[in-house]
There are 2 protein chains.
Amino acid sequence: MPKLDQSLLSGLPPFSLLQPQQIREILDHAVSRRYEEGATIFREGHDADRFYLLLDGYLRVVRTTPGGDQIIVLHISPGQLFGIAPALQRATYPATSIAAAESIALSWPAGLWPEFVSSYPGFATESYKTLGQRLGQIQETLTEMATQAVEKRIACALLRMANQSGRKTAEGIEIAFPVTRQNISEMTGTTLHTVSRLLSAWQKDGVVQSTRKHIVVTDPHRLVILSGIQS
Amino acid sequence: MPKLDQSLLSGLPPFSLLQPQQIREILDHAVSRRYEEGATIFREGHDADRFYLLLDGYLRVVRTTPGGDQIIVLHISPGQLFGIAPALQRATYPATSIAAAESIALSWPAGLWPEFVSSYPGFATESYKTLGQRLGQIQETLTEMATQAVEKRIACALLRMANQSGRKTAEGIEIAFPVTRQNISEMTGTTLHTVSRLLSAWQKDGVVQSTRKHIVVTDPHRLVILSGIQS
DNA sequence: TCCGGAGTTTGTTTCAGAGCAACGTTTGGT
DNA sequence: ACCAAACGTTGCTCTGAAACAAACTCCGGA
């Protein structure tokens with residue numbers, strides 16, 4: 001178990017109002033674990049017995065259809081709570097979460113949630129705020145999926161990843177975790193073939209630059225235009 | 001303002017644990033309003049200054065794209081809280097809600113939410129439970145949208161409406177509020193043309209029976225098969 | 001009773017994108 | 001250093017569903 005430090009939590013919104021003593025309490029009850037790329041943190045349908053906080057890395061939250069198709073519902077970045085089904089009175093997790101890159105997460109038993117909410121000021125507020133954002137985000141994805149053509153959906157997906165995890169580099173905005181064409185197709189409800197073709201075309205146009213599992217958005221502005229977002 | 005009665009609330013999950021005195025308090029702060037079919041309760045992007053409870057009728061929760069396309073994110077049935085953006089620390093509503101049939105709703109100022117949560121036992125728990133279900137439901141719709149063909153999506157949409165608002169009649173399960181082909185197309189991300197064709201075909205096969213704005217599922221079992229759900 | 005608009009049906013045309021197939025390339029394990 | 005597996009590319013075909021077009025039917029209001 002890695003060494004845990006107060007500073008890990010004190011900078012994060014759900015815990016930022018707390019006293020050092022309280023943070024110590026929280027860490028005392030936490031289990032810390034490292035997950036390799038591709039490892040599963042919890043599975044859809046399993047007992048929702050813990051809730052989690054991602055310290056480092058990136059996660060994919062994934063649902064599988066009875067037919068075996070997968071789709072990526074959202075990504076989790078460091079500092080975010082996830083697997084908070086227990087807070088919503090759910091008996092089981094509604095989706096699977098998988099490490100997109102090597103990741104570290106803390107977790108607590110589900111039974112501790114009410115205690116966190118009542119004992120730690122701002123914790124409930126911040127958690128439900130996150131939840132609200134997530135709900136809004138999914139609604140947006142749904143809308144997009146229902147109304148936009150494949151090309152725009154893929155552009156949006158790239159922009160969303162760039163926004164959430166983008167590192168600025170000399171060439172452009174680099175997506176901070178490994179992404180395959182298959183992954184993008186699972187975010188947009190298309191096939192890896194179509195994604196591959198589009199990415200090639202965009203690369204030719206100088207909008208993106210990609211090697212296997214690694215994407216840099218070289219011309220964000222043009223991608224925004226392709227995504228069809230206006231404002 | 002219609003007359004409000006204790007029994008209106010005492011049977012609903014968020015309030016079922018409360019004392020008559022507490023319910024009286026809640027009603028004292030509530031505003032009750034009637035909405036005609038097609039009326040807007042609140043609009044996407046507007047200040048989230050109230051939260052609501054649907055007493056009677058049915059609502060559509062709708063999002064509009066910059067391009068002017070609409071999609072129906074979910075339906076609200078009597079007894080459900082809605083417009084609870086304030087509870088999620090959102091400044092604005094993320095979607096528009098429209099009365100699908102003549103409806104009656106109570107509402108309270110956003111500022112009262114924290115008080116409800118702290119004063120009324122079980123209120124927070126039940127509300128967040130509803131929220132969890134809704135999140136799960138939207139994730140499911142998203143998955144469906146991303147992986148299933150139009151025919152299956154429409155079958156699923158019909159089943160969902162039948163489930164949520166179905167009245168058992170001699171002919172089958174009747175959807176309790178007015179639905180146009182256009183509406184169904186907005187739930188499934190297709191065109192009213194495609195919906196019309198499919199509904200006609202299914203009518204010929206004896207699976208559904210529909211007149212304008214009114215649908216009865218005559219053979220639910222066959223519709224389940226068409227929807228591709230297995231278990 | 002007639003009119004107009006909202007909702008529905010049906011036919012035809014068109015094309016984006018899925019499906020299939022085959023091949024190329026990178027990567028990590030032994 | 002090699003091999004196998006994972007990942008990516010590209011061409012071709014074919015179909016599901018959108019787009020376009022044109023009536024038809026029902027309903028409420030003047």
Side-chain angles (χ1 to χ4, degrees), chain A residues 36-38 60 65 67-71 98 100-102 144-155 157-158 175 177-205 208-216 226 228, chain B residues 36-38 60 65 67-72 98 100-102 144-158 175 177-205 208-216 226 228:
Chain A
E36 310 209 351
E37 185 178 331
R60 280 186 249 285
T65 65
D69 298 300
Q70 260 196 358
I71 87 128
I98 294 173
E102 183 173 341
E144 195 183 293
M145 198 75 102
T147 61
Q148 305 294 80
V150 171
E151 183 174 338
K152 299 196 175 187
R153 300 210 301 270
I154 295 176
L158 289 179
I175 293 170
F177 51 87
V179 203
T180 65
R181 327 275 142 156
Q182 175 73 38
N183 287 330
I184 297 176
S185 78
E186 286 168 2
M187 299 175 65
T188 52
T190 180
T191 60
L192 79 162
H193 307 264
T194 301
V195 175
S196 179
R197 276 178 242 273
L198 267 172
L199 248 45
S200 298
W202 287 344
Q203 177 133 358
K204 213 163 291 168
D205 291 356
V208 300
Q209 201 174 322
S210 66
T211 60
R212 56 167 42 194
K213 291 196 172 205
H214 184 249
I215 298 178
V216 182
L226 285 167
Chain B
E36 309 208 352
E37 184 179 332
R60 280 185 248 286
T65 65
D69 299 301
Q70 260 196 0
I71 87 128
I72 297 175
I98 295 173
E102 184 172 340
E144 196 183 292
M145 199 73 104
T147 61
Q148 306 295 81
V150 171
E151 183 174 336
K152 299 195 175 188
R153 301 209 300 269
I154 295 176
C156 283
L158 289 179
I175 293 169
F177 51 88
V179 204
T180 66
R181 327 275 140 154
Q182 176 73 40
N183 287 330
I184 298 177
S185 79
E186 285 167 3
M187 299 175 65
T188 52
T190 179
T191 62
L192 79 160
H193 307 264
T194 301
V195 175
S196 179
R197 276 180 241 272
L198 268 173
L199 247 44
S200 299
W202 287 344
Q203 177 133 358
K204 213 164 291 169
D205 291 357
V208 301
Q209 199 174 323
S210 66
T211 60
R212 53 168 45 194
K213 290 195 171 206
H214 184 249
I215 297 178
V216 181
L226 285 165

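Here is how names work: the chains are called A, B, and so on, in the same order as the sequence lines, proteins then strands, and each is numbered from 1.
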Between C/dA6 (C1') and B/His214 (NE2): distance, integer Å: 18 Å
Heavy-atom donor-acceptor pair, B/Glu151 side chain to B/Leu198 backbone, under 3.5 Å: no
Atom pair distance, as rounded to whole Å: CD in B/Gln209 and P in C/dT8: 15 Å
Restricting both atoms to N or O, compile the protein contacts to nucleotides 26-30 of chain C shorter than 3.5 Å, with distance only.
from   : atom 1 : to       : atom 2 : distance (Å)
C/dT26 : O2     : A/Arg212 : NH1    : 3.2

A/Gln70 side chain to A/Glu186 backbone, donor-acceptor under 3.5 Å: no
C/dT9 OP1/OP2 closer than 4.0 Å to side-chain N/O of B/Ser196: yes
Annotated protein contacts, base or backbone, on nucleotides 13-20 of chain C with a non-hydrogen cut-off under 4.0 Å, one of B, S, - each: ----SSBB
A/Ile154 side chain near A/Leu226 side chain, heavy-atom distance below 4.5 Å: no
First-last contacting nucleotides on DNA chain D - partner chain B, under 4.0 angstrom, heavy atom: D/dA17 to D/dC26
Touch class at under 4.0 angstrom, heavy-atom based, for A/Leu199 against every strand present: nothing
Heavy-atom closest contact (A/Pro178 atom, A/Ala100 atom, distance): CD-O, 3.3 Å
Donor-acceptor under 3.5 Å (B/Arg153 side chain, B/Thr188 main chain): yes
Rounded distance (Å) that lies between atom C1' of C/dG7 and atom CD of B/Glu37: 13 Å
